[in-house]
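Before any comments, here is the structure.
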Amino acid sequence: MANTLTDWGLLFQRLAGSLLVLQVHGLPKLLHFQQQLALIEDPFGLGAHLTLSLAIAAEVLCPLLIMLGVFTRLACLPLLFLLLVALLLVHPQWSLAEGQFGWLLLILFGTLLMTGPGRLALGQRVAIRYPRLARVS
């Protein structure tokens, strides 16, 4: 029973966190790409277009993979990097209270990086068929 509750908890965490990132960050950037080009910070000097494209990949593609439980640990890495860049480089002036959403997402996706997606994940079914993929799901 405890394992079942843990798996349901990880599913809830994957879905809730990913939906938040998609709704609040990913989809607005994707749907309003041109407007976001003028607003995006470029802390590494890659150019607004590339920086925004990478942010969209992290905030749209990665949450979709996490929700499905496919390559969950790998999909957490770009999100964690993006969150750290936002909190430490783009908005270093934010207090803990101002950055709490980012810090909570960092905790959430960091936990998923450590635990993996749980048994209620599409990646688990793929891993049964392709055992080599089990390490990155």
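This structure is a prediction, so every number in the text was calculated from the model and none was measured. The chain is numbered in sequence order, starting from 1.
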Please report the shortest heavy-atom distance between L11 and L120, naming the atom on each side. CD1-O, 3.9 Å

If I take atom OG1 from residue T51 and atom CD from residue E41, how far apart are they, to the nearest 0.5 angstrom? 10.0 Å

same_hphob_cluster(L61, L112) at 4.5 Å side-chain heavy-atom cutoff: yes

Answer with yes or no whether the hydrophobic clustering places L10 together with L65; edges join I, L, V, M, F, W, Y residues whose side-chain heavy atoms lie under 4.5 Å apart. yes

Euclidean distance, F101 CZ relative to L87 CG, rounded to 0.5 Å: 11.0 Å

Determine the minimum heavy-atom distance between M67 and R14, stating which atoms define it. O-NH2, 3.1 Å

Would a single hydrophobic cluster contain both V60 and L74, if residues Ile, Leu, Val, Met, Phe, Trp and Tyr are joined by side-chain heavy-atom contacts under 4.5 Å? no

Flag if over 12 foreign heavy atoms under 6.0 Å of CD, E98: yes

State yes or no: do L84 and L77 share one hydrophobic cluster built from I, L, V, M, F, W and Y residues joined by side-chain heavy-atom distances below 4.5 Å, directly or via other members? yes

How far does CG of L52 sit from CD of Q34, to the nearest 0.5 angstrom? 9.0 Å

Between I66 and C76, is there a side-chain heavy-atom distance shorter than 4.5 Å? yes

If you look at every heavy atom in A48 and D42, which pair is closest and at what distance? N-OD2, 4.0 Å

Ring pair (Phe, Tyr, Trp, His ring centres under 6.0 Å) filter on H49, not counting sequence neighbours, yields F33

Are L96 and I107 joined in one hydrophobic group, where the rule is that I, L, V, M, F, W and Y side chains link up if heavy atoms are under 4.5 Å apart? no

Show the nearest heavy-atom pair for residues G102 and L83, with the distance to one decimal. O-CD2, 3.9 Å

Mind checking what makes ring pair (Phe, Tyr, Trp, His ring centres under 6.0 Å) contact with W103, not counting sequence neighbours? none

Per side-chain contact (heavy atoms from CB on, under 4.5 Å), L105 is matched among V24, V21, L82 by V21

Tell me the closest heavy-atom pair linking G118 and D7, and the distance in Å. CA-OD1, 3.6 Å

Taking only residues two or more places apart in sequence, or in another chain, which ones meet F12 in a ring pair (Phe, Tyr, Trp, His ring centres under 6.0 Å)? none

Polar side-chain atom of Q100 near backbone of A97 as donor-acceptor pair, under 3.5 Å: yes

Are any non-hydrogen side-chain atoms of L113 and L80 less than 4.5 angstrom apart? yes

List the atom of A58, the atom of L79, and the distance in Å for their closest heavy-atom pair. O-CD2, 3.1 Å

Quick one: are F109 and C62 in side-chain contact, heavy atoms under 4.5 Å? no

Side-chain cluster (under 4.5 Å, hydrophobic types only) that F81 belongs to, other residues: F44, L46, L50, L54, V85, L89, V90

For Q13, which residues count as a side-chain hydrogen bond (donor to acceptor under 3.5 Å, both in side chains) partner, sequence neighbours excluded? none

What residues, two or more places apart in sequence or in another chain, satisfy side-chain contact (heavy atoms from CB on, under 4.5 Å) together with L68? V70

